[in-house]
Structure formats: C-alpha cells, structure tokens
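Contents: one structure, followed by commentary.
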Amino acid sequence: MRTGATPAPRTGPGLGDVTRGRILFGGDYNPEQWPEETWTEDVRLMREAGVNSVTLGVFSWSRLEPRPGAREFGWLDRLMELMHGSGIGVVLATPTSSPPPWLGRLHPETLPRDEDGRTEWWGGRQHFSHSSAVYRRHAAAITEDLAARYGGHPALTMWHVNNEYCTYDWGDEAAARFRHWLRRRYTTLDALNSAWGTAFWSQGYGEWAEILPPRHAHYLKNPGQVLDFKRFTSDMLLECYTAERDIVRRHSPHLPVTTNFMPLWSGQDAWRWAEQEDVVSVDLYPDPRDPFGAQHGALVQDMTRSQAGGPWMLMEQAAGPVNWRGVNHPKPRGLGRLWSLQAVARGADAVCYFQWRQSRQGAEKFHSGMVGHAGPRGRTFQEVARLGGELAAIGREVTGRHSRGDIAILHDWHSWWAGAHEGRLSARVDHAEVLTAWHRALWQGHFATDFAHPEHDLGPYALVVVPQLYALTDAAVDNLLAHVQDGGTLVCGFLTGVADQDDRVRPGGMDPRLRELFGIRTLHEWWPLDEGESADTDGLRGTLWSEEIEAAEDASVEARYKGGELDGLPAVLRNGRVWYVSTLPEPHALRALLTRIAAGAGVRPVLDGLPDQVEAVRRGDLLFVLNHGRESVTVKVPGTHRDLLTGTAVEDELTLGRYGVAVLRP
Ligand code: GAL
C-alpha cells in the first residue's frame with residue numbers, strides 16, 4: 001500500500017556511479033549495420049563530439065544468435081575493446097525486444113496475437129509474446145550468456161534491458177497467464193464476478209477456464225475485464241523486465257539496470273515500473289513544429305524526474321527529424337541544444353540519442369542520427385558536437401543535483417485505464433490531453449511542477465493539482481483528505497473520484513467524502529461538450545465538459561454557467577482550501593485560475609515577470625533560463641551570477657538570443 005508513502009529511496013548502484021561528475025552524452029550505436037572500417041571513424045567522431053557513452057546491442061539478437069543456441073560474440077568483443085580503449089562507456093542492452101526470425105518460425109507460440117486473433121509476424125520488431133514461456137526461456141538464455149561474458153568488462157557501465165516494452169497479447173498462452181493473474185488478485189470467482197459486475201449482461205463466470213482476455217466481441221466489452229487486462233499486461237511486461245534484470249544483476253551487482261520508457265505511454269504503470277529500476281530513463285521526441293513541443297518535453301521530464309526521485313536519463317531523442325510522423329520536420333538550428341539543456345535543467349544527467357549514425361537501410365533510414373547522411377560536415381553533427389563540448393564543461397557543476405517542483409500534479413495509470421473504457425460518456429475526453437492541458441497552464445504560469453501518485457506522500461507540496469482522476473482507491477481518497485486536513489490546498493478537475501478501484505461508480509456519482517470536500521450537495525448530471533461547443537461562465541469559458549451540480553451551503557461559487565441548460569449553476573466551486581473545476585477552462589483561463597490558486601497557497605513562479613517564451617528552472621542552486629522563442633529577449637534575473645555556458649558574469653539582467661540558454665550559478 002502506498003498511502004502517504006514516499007517512494008522507497010533507491011539503494012544499490014545508480015546513475016551517479018556512472019556519471020561521476022560527467023553528463024552522459026551519446027546514444028544508441030548500431031555498428032552491426034556498418035563495415036568494421038566505419039567503426040574506427042565512428043570512434044574518432046565520437047571523441048570529437050564528446051561522446052562518453054554508447055548503448056550497444058539493442059536490436060542485435062539475430063547477430064548474436066544467428067541460429068538457435070549459436071553464439072557469435074566476436075564482433076561484440078571487438079567493439080567492447082574498442083570502446084574501452086577509447087574511454088567510452090558502454091550501456092549494454094539485452095537484445096530481447098526483436099527476436100530473430102528463427103524463433104517465430106520454430107516457435108510460432110512466441111508471436112503475439114491481437115484482439116481479432118491475428119498473429120503479429122516477424123519482419124518488424126517487438127513481435128514477442130510477453131506470456132510465452134518459450135520466448136522467456138530464449139530471452140533468459142541469451143541474457144545469461146551476454147551477462148556472463150560482459151558483466152565484468154571494464155567498458156560496461158550499465159545494463160539496458162529490452163527496449164520500450166509496449167506489446168499486448170490476446171493469445172492462448174496470455175489467456176492462461178491472465179487467469180493465473182486473476183486468481184492471485186481475487187482468489188475466488190465470486191470476488192472476480194463482483195469486481196467485474198458480471199451480473200450485467202449475463203456474464204457470470206462459473207469456471208476460471210471460461211475467462212478470456214477481452215478479445216473481439218459483438219458489442220461493448222466488460223469494463224472490469226478490460227481494466228484488469230491492462231493491469232495484467234503491464235505486470236507481464238514487468239515480469240519480463242525483472243527476469244532479465246535479475247540475471248544481469250547476478251553477473252554485475254555493481255552496475256545499475258534500466259529500461260527505457262516511452263513518454264506518457266498508456267500501456268505501462270510507470271510508477272510501479274520505476275520502483276524496479278536503478279536508473280529511470282525515457283525516450284523523448286517532441287515535434288519541432290509543435291508550438292507546445294517544449295511544454296511536452298517539460299511534462300515528460302517532470303514526470304520522469306518524479307518517477308526517478310532524482311537525476312534520470314534521457315535515453316533517446318532525435319538529432320533531427322524522426323520518420324514516423326505523417327510529415328517529419330528537422331530541428332531548426334539551436335533547437336536540439338535548447339531541448340537537451342531543458343532536460344538537463346529538469347534533472348537529466350544523461351543526454352542521449354537514437355541513434356549515433358543514421359542508417360542507410362532499414363525502416364528508419366530517414367530517421368536522423370547524430371551523424372546524419374550529410375556526415376560530419378553536416379549541420380546536425382556540428383551542432384551535436386558543440387553540445388557535447390558544452391555538456392562536458394558544465395557536467396561537474398550540474399550532475400547529481402535535484403530539481404524539485406513546488407506543486408504536485410497527480411497522475412495514475414489505473415485511473416487512466418478505467419476512464420478510457422469505450423462505454424464512457426464522451427470519447428472526446430482523453431486523460432493524457434486533460435493532464436497536458438493542466439500541466440501546460442502551470443508551465444505557462446512559470447511554476448515548477450512534480451508529478452505524484454495519488455497515494456504518495458503529498459506533505460512536501462503546499463498545492464496539489466488533480467487534472468482528472470476518474471477512479472480513486474479508498475486510500476487515495478484518504479490521502480487527498482489528509483492533505484487538506486494538514487493545511488494543503490487542493491484543486492481538482494472534472495470527472496475526479498467517480499469510480500473506485502474496480503471501476504464501480506461511487507454512490508451519488510462521486511465519492512461522497514470528496515463531494516463533501518468539494519462542497520457539492522448533489523451531482524445531478526454530466527453534460528459533455530461537443531467539438532466546437534463551449535460552456536460560458538461569468539468568469540471563464542469552459543470546453544470539453546460541464547456539469548449540473550448543486551453546491552452545498554457553505555461552498556462558495558467562484559464561477560457560474562451562463563446561458564444554456566446550466567444557466568446559473570456552479571461551474572467552479574471553492575470550499576476553503578479546496579477547489580473543484582467542473583469543466584476544462586480555456587488555456588488562458590486555466591492559467592489565470594491556477595495562478596490565483598497558487599498565489600493563495602503561497603506558491604510563487606520560479607521567477608517573476610518572465611516573458612511567455614522564456615522558461616526558468618532551478619536545479620539545486622543553479623538557475624537555467626531558456627528562451628523558447630526565435631526572437632531575442634531580455635530577462636530580469638536579480639542578483640549576481642556566472643553563466644556556466646559562457647563563463648561571463650550576469651548581473652540582474654540577461655539577454656538571450658533565439659533558442660538561447662543560460663545556466664546561472666550564484
Ligand atoms: C524509439 C526506439 C528506437 C527508434 C526510435 C525512433 O521508439 O526505441 O529504437 O525506433 O524510437 O524514433
């Protein structure tokens with residue numbers, strides 16, 4: 001149980017043991033795509049660019065084990081030596097995210113099935129069933145041999161297990177494991193039938209064998225079954241991770257282990273996963289054309305740092321364009337540097353890329369690399385090399401320091417999963433979008449934000465913000481109440497506290513204790529809003545959602561709906577230090593509202609008077625100032641500082657050019 005618990009501090013080896021005062025800089029290196037002559041050139045360029053860390057072997061399974069049981073380690077031996085001789089640390093990956101074709105051919109049961117029973121064949125990647133005993137056995141065997149061979153190698157600095165765990169499987173072996181998982185969760189079928197509400201539509205289970213993953217069905221699927229399948233999937237993938245982690249740990253107990261998350265990915269309870277990692281790492285690919293790319297980055301960085309509880313690793317980013325969006329744009333000059341330093345500001349002690357050298361073949365040949373098709377003379381490599389030099393210069397001052405938020409934004413995957421069921425009232429309500437909208441309002445208000453699980457200790461935060469937690473456990477409700485009782489301020493968005501952990505609607509449509517806390521006497525109806533529809537109030541314009549609520553006597557109505565069916569009814573309620581917002585205010589209105597609430601809670605922006613396009617982030621006693629705009633800008637930074645990037649003194653005022661950054665030390 002997590003209630004009020006701070007995530008356990010990490011013991012054992014960590015990122016600090018690898019960085020030792022340097023920011024890790026480098027990326028995925030896939031030399032098996034290149035003749036060995038290129039390796040020497042690669043190393044020369046790596047040194048030129050200040051690369052001190054490469055990740056080897058992410059997709060090397062068929063190279064390492066070209067036939068069942070064969071082992072071809074010679075090429076990797078030579079690479080490990082090459083890296084060691086060049087002073088470049090190796091993060092060695094277990095290659096288990098892309099099994100070789102022979103595994104699928106000899107053991108088709110290792111291939112996952114989708115909801116319709118279709119097989120996911122080899123020919124791409126990640127075509128493995130997390131539930132397949134044969135897959136797990138083969139994955140363990142290659143991991144064991146890699147770990148035995150390289151676990152003590154002097155070039156090895158860290159283990160990277162698999163890559164972006166993200167697969168689902170609705171097949172027969174997954175069905176068997178799902179039943180086993182459910183037995184452990186519920187013990188009896190009565191308990192399962194109750195949790196899933198199987199009295200509805202004649203779904204009562206009389207035998208465990210009747211239970212299936214939520215496969216293709218005629219009409220809406222049982223929400224409890226779908227929710228538990230998502231939990232199960234996250235847990236199965238985690239089992240795959242911990243199995244390999246334990247193998248590599250046995251051979252190298254002195255080295256940390258990680259696996260890379262995808263940002264705000266719905267398939268993985270990353271709070272739980274992060275507890276199982278020595279180093280929390282993430283892959284981050286904001287769209288250079290997205291006007292809110294920097295905020296997306298900030299959100300993912302805040303979340304990753306919160307999961308890590310300290311410094312974390314930016315495992316992958318793109319030096320230029322990706323190749324998996326409809327239209328893929330390069331990064332304008334300076335943007336890669338800006339976004340990399342933004343990650344450092346928010347606690348990254350590693351700035352790495354996918355991948356070192358851009359491929360000439362394969363599905364990602366148009367995805368950029370640190371060395372692009374244009375080669376070392378290309379702008380991309382030139383910028384990468386400059387950044388490498390700068391990171392080397394500031395590493396000692398920066399690494400190991402923690403950057404901390406003043407406001408906690410609560411987020412929970414189980415609530416996200418429950419709220420996403422196809423039988424919900426509005427398909428327009430997307431948990432990740434609502435979360436993003438609230439984070440954006442705080443980011444634009446220049447506040448420093450952390451993320452927290454609803455059962456974590458909220459003590460350090462004067463202000464707790466809940467954009468949307470549709471399903472809350474009793475313990476989470478207790479935790480919110482305790483936060484307010486202890487003098488904290490709480491602001492909650494619509495569709496919060498509607499369901500319990502089984503996705504059972506709470507009596508009255510919202511947890512009664514929360515209704516009392518928010519000052520809601522009766523929640524009559526939800527009024528979702530269509531595309532292009534809005535709900536005006538006397539203070540702000542709401543989008544996406546509105547509610548027909550009746551306020552309790554002692555609650556104060558801060559905004560009322562104006563016009564339409566809800567005319568005169570409360571839209572924003574305040575009950576002492578607790579606020580309830582029954583719609584999604586337009587961006588500027590949400591920002592204004594949260595700024596006002598933060599001021600009331602005694603929470604200040606990182607710096608006063610910042611222009612919109614400038615972001616300020618504190619990391620320890622360092623102040624990072626980042627200009628996300630293309631125009632130069634002058635910012636007030638009271639006091640005397642030294643800019644670690646330029647070595648110049650800065651007094652009270654700072655001018656930053658297009659995409660400019662300063663790292664100020666008092
Ligand atoms: C990541 C993945 C890399 C590469 C990259 C391209 O999802 O881990 O292997 O595919 O995306 O952006």
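Just follow the structure's listing: the first ligand is 1, and inside any ligand the first atom is 1.
Screening Arg619, Arg401, Arg305 for a salt bridge (charged side-chain N to carboxylate O under 4.0 Å, His left out) with Asp349, the sole residue that qualifies is Arg619.
Protein residues lining ligand 1, listed by chain and number: Phe59, Arg125, Asn163, Glu164, Asp283, Tyr285, Glu316, Trp324, Phe354, Glu364, His367 [non-hydrogen atoms, distance under 4.0 Å].
Residues passing the side chain to side chain donor-acceptor pair (under 3.5 Å) test with Thr38: none are found, sequence neighbours excluded. Every residue two or more places apart in sequence or in another chain that forms a side chain to side chain donor-acceptor pair (under 3.5 Å) with Arg78 is listed here: Glu36. By the salt bridge (Lys or Arg N to Asp or Glu O under 4.0 Å) test, Arg105 pairs with no residue at all, sequence neighbours left out.
Cation-pi contact between Arg440 and Phe292: present, with separation from the ring centre below 6.0 Å and deviation from the ring axis of at most 45°.
Side-chain N or O atoms of Asp17 include one that pairs as donor or acceptor with a backbone N or O of Gly14 at under 3.5 Å.
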